[in-house]
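Naming: A, B, ... by sequence-line order, numbering from 1 per chain.
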Amino acid sequence: MNQQVTVRFAPSPTGHLHIGGARTALFNWLFARHNNGVFILRIEDTDRSRSTEEYISHIMEGMSWLNLEWDEGPFRQTERFDIYRDYVNTLLNQGKAYRCYCQPEELERKRQIAISLGQPIKYDGKCRDINMPSSSIPAAVRFKMPKEGLTIVNDLIKGQVIFDNSQLEDLVIMRSDGTPTYNFVVVADDIYMKITHIIRGDDHLNNTPKQIHIYEAFDCLPPQFAHLPMILGHDKSRLSKRHGATSVLAYRDMGYLPEALVNYLVRLGWSHGDQEIFTRNELIELFSLQNIGKSAAVFNPEKLLWLNSQYIMDSDDEKLAEMSLPFLIKKGLITQRQKVDINWLAKAVCLLKERSKTLDELASSLGYFVLDSIKIDPKAAEKFLKVEGLRYISELREALHELATFSTAEIEKVFSAIAERNNVKLGSIAQPARVALTGGTSSPGIFELIEVIGRERTLKRLDEVVSRGIITKH
RNA sequence: GUCCCUAUCGUCUAGUCCGGCCUAGGACAUCGCCCUUUCAAGGCGGUAACGCGGGUUCGAAUCCCGCUGGGGACGCCA
């Protein structure tokens, strides 16, 4: 039996695609690609009250942004309710499931009593053997779990895990309103879609023995299971909103590159020796379930930020320039309609990219390239735009004005000449110039900077500073 | 409470299966130095870990048992 590897990512649309979900999706995707298999997207929306269309599109948008393209789907479970109902009836007819007339309040009361007595919290099986005839009273349907014996899960990551069947309860597979529940539809769909490997968070490990019995009820062989360790927050609790941005799209909006997030996520739990940075193709080639660790990992934003800076440094200038456009607009540094010369912007990006950890940061620095007039940091002006500095700037202005070839090399010569003439260090001229041109005290190399800003804008900014300096003196 | 998973630097991890090559390697962060017109980037170096207790063995991070810590699950949620 040489079945094609088929995996699925099955989020429930009750929230955004978060970091943990994205990693589950990523590992499924990698496993599929590595094995030339099929990656299915399935929306688990059986809980109609909590599922929304908006979340469905957010999830798909997040996956698309990360370039985790799915081969089939999205399938929605709400579209398949009739099929599930037939399945439930089959089990009912075979005596593998039964109607339960217990009321939620009653069950809740029993649960509370069990907790207070320190007893296992488990359905007592009240309706299991009383064989109620079907009636018009709404009833939930429960699956008959074996009462004794062991269920063994051979997990591809965790190894052999043994469960005592006495721990298993008769779970509800169909609510009294006729809608099916998670543990049942997962199995039904995984059978129907011929899923060969279930790769999911290890919070589902305890569901696995229950699901195995449902497979058996349908006379089906369960697929292979691989339970991924969880991602934790800095305080080692489950990653949540409290830990900052957990939505994948929030990272996009903060200026992260999808490749960087993917690279970060894959190293959370998976490793290949000492290698930290992987191309997409390397990941596909090298990925294996065997190299996934067993223990939970703490999400570390600093390392993600570092990876992002690495990816930015390695990115093509023009591509980065294009990508920074939305950030420039968002920051109000350019207008929606403004035409920006991408080739020119790319030159600025080239100077900035090894100093920017995010696209957002890059766009901020791009400000002093694209803006007509800049704001000058008062502290910087205080320090560098005093009499001396302004005098050098005037000299610089004249020399740059006269300069025949406006190139980095020639600009450097201008600076050297002024420094020599005044018998001061290069920094004495470079810092005032930097403040005048960028508004602050840190920037790329001053010569390259001037070349890219261009003669016209450079002269204008130097003039502004000089005239302002004279005014403040009075 | 019951069940399940898990345990190497602050964090991600290599090493664990098949004990000696581990005076435990890499990366992020951090500290110092170098480079330098600023800020970065880069280079070099430092601090920093096998949770604890018992075994087994000539020898244990690695195998076994217990403890402790952490996480998860126990819904007519998924």
Side-chain angles (χ1 to χ4, degrees), chain A residues 10-15 44-47 49-51 100 102-104 107-108 111 114-123 138-142 153 155 157-159 161-164 166-169 171-177 179-183 185-186 201-209 227 229-230 232 234 236-238 264 267-277 290-291 293-307 309 313 352-357 365 384 412 415 419 425-431 433-435 438 440-447:
Chain A
S12 77
T14 54
E44 311 239 323
D45 54 353
T46 52
D47 184 355
S49 61
R50 294 201 301 150
S51 303
C100 174
C102 296
Q103 293 304 301
L107 296 171
E108 182 53 32
R111 204 170 290 131
I115 290 168
S116 64
L117 291 174
Q119 303 279 320
I121 305 157
K122 184 184 154 183
Y123 176 60
V141 176
R142 287 185 185 269
V153 178
D155 193 89
I157 292 170
K158 305 282 184 181
V161 185
I162 301 170
F163 294 88
D164 198 320
S166 64
Q167 294 289 328
L168 272 27
E169 74 168 351
L171 50 90
V172 170
I173 57 176
M174 196 164 79
R175 303 181 183 93
S176 46
D177 66 0
T179 59
T181 64
Y182 166 76
N183 273 301
V185 292
V186 200
D202 70 10
D203 47 340
H204 284 290
L205 189 52
N206 288 291
N207 284 327
T208 309
H227 286 96
M230 301 268 88
L232 273 24
H234 57 84
K236 302 237 178 165
S237 70
R238 200 178 179 157
Y264 177 72
R267 283 286 289 105
L268 220 45
W270 178 85
S271 62
H272 181 258
D274 288 338
Q275 192 170 344
E276 294 288 348
I277 296 179
Q290 278 139 33
N291 295 319
K294 294 175 167 191
S295 55
V298 173
F299 184 76
N300 183 332
E302 274 93 37
K303 188 154 183 181
L304 168 59
L305 193 60
W306 172 76
L307 266 171
S309 70
M313 274 189 265
L352 254 16
K353 69 178 180 181
E354 70 184 25
R355 304 158 221 265
S356 308
K357 291 186 190 299
S365 306
F384 293 107
E412 179 165 6
F415 272 80
K425 284 186 180 172
L426 189 53
S428 308
I429 301 157
Q431 278 308 81
R434 198 180 319 271
V435 174
T438 70
T441 54
S442 62
S443 84
I446 192 75
F447 317 129

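Within the nucleic acid shown, Leu205(A) comes within 4.0 Å of sugar-phosphate atoms alone, with no base atom in reach, counting heavy atoms only. Using a 4.0 Å heavy-atom criterion, one finds that Ile162(A) contacts the sugar-phosphate atoms exclusively. Using a 4.0 Å heavy-atom cutoff across all strands shown, Ile121(A) reaches at least one base atom of the nucleic acid. Heavy atoms of Glu169(A) sit under 4.0 angstrom from primed sugar atoms or phosphate atoms, though from no base atom.
Residue Asp202(A) places no side-chain atom within donor-acceptor reach of the base of rG72(B), judged by atom type and a 3.5 Å distance cut-off alone. For Thr181(A) against rC76(B), a side-chain-to-base donor-acceptor contact under 3.5 Å is absent. Checked by distance alone, Glu354(A) brings no side-chain donor or acceptor within 3.5 Å of a matching partner on the base of rG42(B). One N or O donor and one acceptor, one from the side chain of Arg434(A) and one from the base of rU37(B), sit under 3.5 Å apart.
Of the side-chain N and O atoms in Lys294(A), one or more sit less than 4.0 angstrom from OP1 or OP2 of rU6(B). Neither OP1 nor OP2 of rA14(B) sits under 4.0 Å from any side-chain N or O of Arg267(A). Between Arg142(A) and rC76(B), a side-chain N or O to OP1/OP2 separation shorter than 4.0 Å is present. Checking the phosphate oxygens (OP1, OP2) of rA41(B), a side-chain nitrogen or oxygen of Lys357(A) falls inside 4.0 Å. One finds a side-chain N or O of Thr46(A) lying less than 4.0 angstrom from the OP1 or OP2 phosphate oxygen of rA78(B).
rC33(B) is paired with rG43(B) under the criterion used here, namely a Watson-Crick or G-U wobble arrangement in which both key atom distances are under 3.5 Å. Partner assigned to rG10(B) is rC28(B), using Watson-Crick or G-U wobble distances below 3.5 angstrom. Base pairing of rA73(B) is made with rU2(B), judged by Watson-Crick or G-U wobble geometry with both donor-acceptor distances under 3.5 Å. Using Watson-Crick or G-U wobble geometry with both donor-acceptor distances under 3.5 Å, rG59(B) finds no partner in any strand shown. Using N1 to N3 plus N6-O4 or O6-N4 for Watson-Crick, or N1-O2 and O6-N3 for G-U wobble, each under 3.5 Å, rG66(B) pairs with rC52(B).
Comparing atom distances between the Arg355(A) side chain and each of rG26(B), rA40(B), rC4(B) picks out rA40(B) as nearest. Picking from rU11(B), rG72(B), rU37(B) the nucleotide with the shortest atom distance to the side chain of Asn206(A) gives rG72(B). The listed nucleotides are rC74(B), rA14(B), rU2(B); the one nearest the side chain of Asp274(A) is rA14(B).
Panel note: side chain Lys425(A), backbone Ala419(A); no donor-acceptor pair is recorded below 3.5 Å. Judged purely by atom type and a 3.5 angstrom limit, Gln275(A) uses its side chain to pair as donor or acceptor with the backbone of Ile277(A).
The same atom, P, is picked in rC31(B) and in rC58(B); the two are 49 Å apart, to the nearest Å. The gap from the C1' atom of rC65(B) to that of rA29(B) amounts to 38 Å, rounded to the nearest Å. For the C1' atoms, the distance from rG1(B) to rG15(B) is 39 Å, rounded to whole Å. With P as the reference atom, rG25(B) and rA61(B) are 14 Å apart, rounded to whole Å. Between rG46(B) and rA40(B), the distance separating the two C1' atoms is 22 Å to the nearest Å. Going from the C1' atom of rU68(B) to that of rG51(B) covers 8 Å, rounded to whole Å. Nucleotides rG72(B) and rG54(B) are separated by 29 Å at their C1' atoms, to the nearest Å. For the P atom pair drawn from rG26(B) and rA14(B), the interatomic distance equals 15 Å after rounding to whole Å.
Two residues are said to be in side-chain contact when any heavy atoms from C-beta on lie closer than 4.5 Å; Cys100(A) and Tyr123(A) meet this criterion.
Within 6.0 Å of NE2 on His272(A) lie no more than 12 heavy atoms contributed by other residues, nucleotides or ligands.
Remark: the Thr438(A) side chain and the Arg434(A) side chain contain no N/O donor-acceptor pair separated by less than 3.5 Å. Asn183(A) and Thr181(A) form no side-chain donor-acceptor contact under 3.5 Å, judged by distance and modelled atom types alone.
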Between Asp47(A) and Ser49(A), does the side-chain hydrogen bond (donor to acceptor under 3.5 Å, both in side chains) criterion hold? Intermediate values first, please. CA-CA 6 Å; Asp47(A) 184 355; Ser49(A) 61; 2.8 Å; yes

